[in-house]
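Below: one structure in structure tokens.
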Amino acid sequence: MSVWIDVARLATVVNVLLLASLGYVWGRNYLAVRSKHTLGLLLFSTFLLAENALTLYYYVVDPDLSFWYSTQMPTVVWRVTMLLHVLQAVGLGFLAWVTWD
Amino acid sequence: MEARLWYVLTGTRGGVNRIRLLRLLDERPRNANQLADELDLHYETVQHHLGVLVDNDVLRSSGDDYGAVYLPTPQAEAHWDLIEEIIEQVD
């Protein structure tokens, strides 16, 4: 079971880093060009970053929930959860690649 | 084309430099060397930005030689109002 937890945590860390990079680029662009388009990208990365940071907090830091996640959650649920985090990381990785250009 | 212009010019890390480059080309056609001098960027950086703009049908090159100048494509000219709107916001 622990391998799914580790992969899910790692993918969440990757998501946080990718979204911070995207937010950096889109934040700078919003400062240069004020438009609904630049604001939209910045808000998208901000909220998705908050979601991933909160998830990581519950998986790793929060004393009650991190214990619950690592001991009580069934393996089959961890597998699905891990897959969702990994798919998000692949999608964000591709987005970061085209955005860093 | 409009969505592409927004992303290439304001959604990417190099977007702001690509806007500056378009502003200079709006005044008159220039080659990569002249653009690099005026924007104080490396020649390779300018080449990269020009390549992105050519790939996205914003610019076309007058030829393959070293001194080739860059011009807006007909598609970019059709949306030049939008490009100007974006250009005007950047210092």
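Per chain, numbering begins at 1; letters A, B, ... match sequence-line order. All of these numbers come straight from a predicted model, not from anything done at the bench.
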Do A/Val3 and A/Trp78 land in one hydrophobic cluster if side-chain heavy atoms of ILVMFWY residues count as linked below 4.5 Å? yes
Quick check on the hydrophobic clustering: are A/Leu83 and A/Val90 connected, directly or via other members, by side-chain heavy-atom contacts under 4.5 Å? no
Measure from the side-chain N and O atoms of A/Trp26 to the backbone N and O of B/Gly11, and report whether any donor-acceptor pair falls under 3.5 Å. yes
So do A/Val25 and B/Thr12 actually touch side chain to side chain, heavy atoms under 4.5 Å? no
Just wondering, do A/Arg28 and B/Val16 contact through their side chains at under 4.5 Å, heavy atoms? no
With the 4.5 Å side-chain cut-off for hydrophobic clustering, are A/Trp100 and A/Val14 part of the same group? yes
Around B/Tyr43, counting heavy atoms of other residues, nucleotides and ligands shown, do more than 12 lie under 6.0 Å from its OH? yes
Are A/Leu87 and A/Val7 joined in one hydrophobic group, where the rule is that I, L, V, M, F, W and Y side chains link up if heavy atoms are under 4.5 Å apart? no
In terms of heavy-atom proximity below 4.5 Å to chain A, should B/Leu9 be classed as side chain, backbone, both, or neither? neither
Side-chain donor-acceptor contact under 3.5 Å, A/Thr99 with B/Tyr7: yes
State the OG1-CD1 distance between A/Thr38 and B/Ile86, to the nearest 0.5 angstrom. 9.5 Å
B/His49 portion near chain A, given a 4.5 angstrom heavy-atom threshold: neither
So what's closer than 4.5 Å to chain A heavy atoms on B/Val52: side chain, backbone, both or neither? side chain
Mind checking whether A/Leu84 and A/Leu19 sit in one hydrophobic cluster, side chains of I, L, V, M, F, W, Y counted as touching below 4.5 Å? no
Has A/Asp101 got a side-chain atom pairing as donor or acceptor with B/Arg13's backbone, closer than 3.5 angstrom? no
Side chain B/Gln89, main chain A/Arg34, donor-acceptor under 3.5 Å: yes
